[in-house]
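Take a look at the structure set out below.
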Amino acid sequence: DTAVSQTPKYLVTQMGNDKSIKCEQNLGHDTMYWYKQDSKKFLKIMFSYNNKELIINETVPNRFSPKSPDKAHLNLHINSLELGDSAVYFCASSQDLRGPYEQYFGPGTRLTVT
Amino acid sequence: QKEVEQNSGPLSVPEGAIASLNCTYSDRGSQSFFWYRQYSGKSPELIMSIYSNGDKEDGRFTAQLNKASQYVSLLIRDSQPSDSATYLCAPSPSNDYKLSFGAGTTVTVRA
């Protein structure tokens with residue numbers, strides 16, 4: 001009965017490959033997010049969807065493309081992977097956009113690009 | 001000025017002591033404030049939220065908020081080795097849809 005789940009947990013791949021990370025939440029929340037946490041542990045938002053609509057699109061290379069087939073799922077596809085993409089990617093969800101913005105995080109996907 | 005600043009760590013405290021974590025933020029319109037705990041290799045976990053000026057206590061944790069000073073803090077009383085983690089401060093935005101996380105303060109509780 002995991003609230004926010006992500007797959008895979010670990011992803012090791014070579015430069016230039018394309019990969020996807022999947023996220024699902026069973027909290028009934030309307031809003032989902034993707035965050036990137038680099039080696040310095042700084043947590044930076046990448047995207048946010050509210051009811052399948054893209055709301056936040058931070059300055060992220062267009063090699064990153066989120067997709068939300070329904071409000072319980074938010075996937076992240078990454079094209080032409082680069083060494084600098086190595087990080088931990090967290091999915092999160094919150095009840096809605098209007099606050100108080102309590103967010104619940106998935107376990108993370110550790111991406112290593114070699 | 002960074003949107004959210006936390007006291008630089010690491011913060012090392014002996015078991016049983018009080019750990020004091022500070023956070024200042026730049027958005028005067030922020031109304032909600034969250035503290036997350038992140039163990040090494042794990043995801044952030046919400047441990048405290050505070051919306052009004054003053055103190056809010058939850059077990060061994062006390063959050064303090066002063067909106068006029070744009071300051072929020074977290075006290076951990078009777079610190080335990082299990083409290084060793086990185087603590088992230090996250091004020092809610094006033095005119096945006098995303099939380100801004102601080103860089104975090106790493107706490108180590110010495111047995």
Side-chain angles (χ1 to χ4, degrees), chain A residues 2-7 9-10 21 23 25 27 29-51 53-60 66 87-112, chain B residues 2-11 21 23 25 27 29-53 56 58 63 65 67 72 84-108:
Chain A
T2 305
V4 183
S5 59
Q6 290 179 233
T7 53
K9 190 167 183 181
Y10 299 97
I21 307 172
C23 177
Q25 54 94 3
L27 297 166
H29 288 171
D30 285 348
T31 309
M32 297 184 72
Y33 310 82
W34 278 113
Y35 286 88
K36 179 181 180 180
Q37 189 170 47
D38 58 25
S39 56
K40 294 182 180 176
K41 306 300 183 188
F42 191 69
L43 197 59
K44 185 171 171 57
I45 192 165
M46 301 173 68
F47 301 104
S48 173
Y49 271 74
N50 186 63
N51 268 324
E53 181 185 352
L54 180 65
I55 299 297
I56 297 170
N57 185 350
E58 291 296 284
T59 307
V60 175
V88 181
Y89 292 84
F90 289 105
C91 177
S93 73
S94 64
Q95 188 166 356
D96 54 39
L97 280 178
R98 292 184 298 275
Y101 302 102
E102 293 174 352
Q103 295 185 15
Y104 298 88
F105 285 79
T109 296
R110 182 173 295 276
L111 172 65
T112 303
Chain B
K2 290 181 184 174
E3 292 182 20
V4 183
E5 297 211 44
Q6 296 185 236
N7 47 330
S8 59
L11 180 64
L21 308 174
C23 174
Y25 57 93
D27 184 352
S30 292
Q31 296 296 318
S32 308
F33 303 84
F34 307 98
W35 283 99
Y36 286 81
R37 176 177 63 199
Q38 186 174 22
Y39 292 115
S40 180
K42 301 294 185 183
S43 58
E45 172 194 12
L46 181 66
I47 58 169
M48 181 71 86
S49 55
I50 185 167
Y51 310 109
S52 305
N53 283 329
K56 178 182 177 183
D58 184 358
L65 174 61
K67 291 182 183 178
V72 59
S84 298
T86 297
Y87 291 81
L88 304 168
C89 170
S92 71
S94 59
N95 59 359
D96 201 345
Y97 292 127
K98 57 183 188 288
L99 285 179
S100 294
F101 284 87
T105 300
T106 298
V107 173
T108 301

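Residue numbers begin at 1 in each chain, while the letters A, B, ... track the order of the sequences.
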Task: Minimum-distance pair of heavy atoms, taken over all atoms of Ala103(B) and Phe42(A) - done: CA-CD1, 3.8 Å
Open item on the list: Taking side chain as everything from C-beta outward and backbone as N, CA, C, O, which of these in Glu45(B) sits under 4.5 Å from a heavy atom of chain A? Side chain, backbone, both or neither.
Closed with: neither
TODO: Show the numbers, then the answer: is there a side chain to side chain contact (heavy atoms under 4.5 Å, CB included) between Gln37(A) and Phe101(B)?
DONE: CA-CA 11 Å; Gln37(A) 189 170 47; Phe101(B) 284 87; over 6 Å; no
TODO: Of all the heavy-atom pairs spanning Phe90(A) and Lys42(B), show the shortest one and how long it is.
DONE: CZ-O, 3.7 Å
Task: Side-chain (Ser43(B)) to main-chain (Gly108(A)) donor-acceptor, under 3.5 angstrom - done: no
Task: Intermediate values then yes/no, side chain to side chain contact (heavy atoms under 4.5 Å, CB included), Tyr36(B) and Gln103(A) - done: CA-CA 10 Å; Tyr36(B) 286 81; Gln103(A) 295 185 15; 3.5 Å; yes
